[in-house]
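Since the structure comes first, as structure tokens, the remarks are kept for the end.
Lettering of chains follows the sequences in order, A, B, ..., and the numbering in each one begins at 1.
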There are 2 protein chains.
Amino acid sequence: MDTRTEIIRLGDSLIREKGYNAFSFADISKHLNIKNASVHYHFPTKTTLGLAIVQEHRNRLERLKTKTESKDPVEKLNAFLNIYAAAKSENKICIVGSLATDFYTVEPEMQHELKKLADSILKWVIEILKEGKNKHVFRFRTSERTKALMIITNMLAAVQLTRLTNKQDFKEIKETILHDLTQ
Amino acid sequence: MDTRTEIIRLGDSLIREKGYNAFSFADISKHLNIKNASVHYHFPTKTTLGLAIVQEHRNRLERLKTKTESKDPVEKLNAFLNIYAAAKSENKICIVGSLATDFYTVEPEMQHELKKLADSILKWVIEILKEGKNKHVFRFRTSERTKALMIITNMLAAVQLTRLTNKQDFKEIKETILHDLTQ
DNA sequence: ATACATACCTACTAATAAGTAGGTTGCGCT
DNA sequence: AGCGCAACCTACTTATTAGTAGGTATGTAT
């Protein structure tokens, strides 16, 4: 893996572990055994790095959308839920949740990019729910948008809150989401 | 209001607006028109201030529990949901969510106090759900603990996520929680 | 009156932050 | 062989951070 990619990977990991304002270029340079200035060579500012990290998440999401296109709604939803399960397995939280907390401390460009990511997630879940409803595999009462928001908020906060309770709670929440939908 | 209380209020406000690692003693001293050292007089370290803020939340929660003791379950749940609605009206997030994000950057004492707060919230919501089920005003399938976690995660992340979508989404989520429970 | 505590102050320190100027190394291309 | 560029480096700046030492004003109890 090239250095630029490693910086993005590490920066992402730090944001989701400790938060945007708790990680520094020094954290990255130490961990990669390069100097502070070398990190700045790849990313002139913290904002450019932050933007690359958020964009990488959006790219990964689009790739996952495409990859699961032909799968059934349950598999699609599982693919979505597993993003959070993977985060939880490392005790990391969701990038959206982490940066939503720090939202008013980041530059407008970052805020904008983050909104685009949140939008992309929301649209995907809405699509999955619509398809599941049409195919009679999902059953729910509210609008697709609201139901999607309920599911996303469950997962987004589950990775956060279960840092304070226990990991088993996360599993229960995840399973309940699917169980409730499929009745 | 005395200075100590004002520092707690302001610190809490800053944590819930920008996150623990984005606020400084300088933010507080400037806003209260006192000097940095005066803030340190009341709170020797950032941790002592953080602890006081979390403890204040737990005190407020206990007072709210007591105050609504004799009310019916729907009113109790509304009292709980309105904590988040009040936060949302100022575009602030939940203290638990904010500090869960920064969890691995705060001292063990803070982590412990935060766990106690999360526990207190969870226990209250579980109680409300149990009472509601017994009195046949709430209807839900999963265990009380899991249902409580679902509701708390909905609200905790709703205040965060709707910074990126829109305020109306928050209202929908909140209303759906009650609507789903009362069928 | 004096002693003492509370609540502030001035003036500072050491550590860490993001960011920069300009030099060095090694590799591929012509 | 020599050019140019990518990817590093040394060495620095400026700002901000939490935290401290020690002094001052004001009220209260003896």
Side-chain angles (χ1 to χ4, degrees), chain A residues 1-54 56 98-99 101-111 113-114, chain B residues 1-54 56 98-99 101-111 113-114:
Chain A
M1 208 188 311
D2 66 351
T3 305
R4 196 193 130 92
T5 308
E6 280 195 293
I7 295 171
I8 291 175
R9 248 181 51 94
L10 189 52
D12 170 52
S13 176
L14 288 164
I15 290 177
R16 285 165 45 234
E17 194 195 332
K18 311 197 300 172
Y20 185 80
N21 292 306
F23 96 91
S24 69
F25 275 48
D27 288 330
I28 289 176
S29 60
K30 273 173 206 159
H31 198 274
L32 296 182
N33 270 310
I34 57 177
K35 298 295 162 178
N36 187 281
S38 305
V39 185
H40 276 282
Y41 166 76
H42 292 283
F43 299 98
T45 65
K46 200 174 178 181
T47 296
T48 55
L49 173 54
L51 285 171
I53 291 168
V54 177
E56 173 62 26
S98 180
L99 291 174
T101 298
D102 299 333
F103 193 67
Y104 298 111
T105 74
V106 301
E107 289 182 46
E109 258 184 298
M110 272 282 279
Q111 297 185 347
E113 203 60 36
L114 198 61
Chain B
M1 207 188 309
D2 66 352
T3 306
R4 196 193 131 91
T5 308
E6 280 194 293
I7 294 172
I8 292 176
R9 249 181 50 95
L10 189 52
D12 169 52
S13 176
L14 288 165
I15 290 177
R16 285 164 47 233
E17 193 195 333
K18 312 198 298 174
Y20 185 79
N21 292 305
F23 97 91
S24 68
F25 276 49
D27 287 330
I28 289 176
S29 59
K30 274 173 206 160
H31 197 275
L32 296 183
N33 269 310
I34 56 175
K35 298 295 161 177
N36 187 283
S38 305
V39 184
H40 277 282
Y41 166 75
H42 293 283
F43 300 98
T45 65
K46 200 174 178 179
T47 297
T48 55
L49 173 54
L51 284 171
I53 291 168
V54 177
E56 173 61 27
S98 180
L99 291 174
T101 298
D102 299 333
F103 193 68
Y104 297 110
T105 74
V106 301
E107 288 182 48
E109 258 184 299
M110 271 284 277
Q111 297 184 347
E113 203 58 38
L114 199 59

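- For B:R4, the side-chain contact (heavy atoms from CB on, under 4.5 Å) partners are B:D2, B:I8, B:H42, B:F43, B:A52, not counting sequence neighbours.
- Smallest separation of non-hydrogen atoms from B:I28 and B:G11: CD1-CA, 4.2 Å.
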Return a table of donor-acceptor pairs under 3.5 angstrom between the side chains of residues 29-37 of chain B and protein atoms on other chains or two or more places apart.
residue, atom, partner, partner atom, Å
B:S29, OG, B:F25, O, 3.2
B:S29, OG, B:A26, O, 3.1

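- The distance from atom CG of B:L49 to atom P of D:dG19 is 10 Å, rounded to the nearest whole Å.
- For A:E56, the salt bridge (charged side-chain N to carboxylate O under 4.0 Å, His left out) partners at least two apart in sequence or on another chain are A:R60, A:R63.
- Across every non-hydrogen atom of A:M110 and A:L99, the tightest pair is CE-CD1, 4.0 Å.
- If you measure from atom NZ of B:K35 to atom P of D:dA18, you get 17 Å, rounded to the nearest angstrom.
- For B:E113, the salt bridge (charged side-chain N to carboxylate O under 4.0 Å, His left out) criterion is met by B:R58, B:K116, not counting sequence neighbours.
- Counting heavy atoms from C-beta outward, A:K46 and A:Y20 have side chains that approach closer than 4.5 Å.
- Of the residues in residues 11-25 of chain B, those placing a heavy atom less than 4.0 Å from an atom of DNA chain D are B:F23, B:S24, B:F25, in numerical order.
- For A:D12, the side chain to side chain donor-acceptor pair (under 3.5 Å) partners at least two apart in sequence or on another chain are A:R16, A:H57.
- Here the side chains of B:V54 and B:L51 are not in contact, with every heavy-atom distance at 4.5 Å or above.
- For A:S13, the side-chain contact (heavy atoms from CB on, under 4.5 Å) partners two or more places apart in sequence, or in a different chain, are A:K92.
- Pairing each heavy atom of A:S98 with each of A:G19, the nearest pair is OG-CA, 3.8 Å.
- Pairs engaging residues 19-28 of chain B under the salt bridge (charged side-chain N to carboxylate O under 4.0 Å, His left out) rule: B:K18-B:D27 [sequence neighbours left out].
- Scanning for side chain to side chain donor-acceptor pair (under 3.5 Å) contacts around A:Y41 gives an empty result, with sequence neighbours left out.
- Taken residue by residue, residues 36-47 of chain B places heavy atoms nearer than 4.0 Å to DNA chain C at B:A37, B:S38, B:Y41, B:H42.
- For the helix from C:dA1-D:dT30 to C:dT16-D:dA15, the end axes, each set by the C1' atoms of five terminal pairs, are bent relative to each other by 10° (nearest 10°).
- From the 5' end on, the contacts that DNA chain C makes with chain B at under 4.0 Å to a non-hydrogen atom open and close at C:dT6 to C:dT10.
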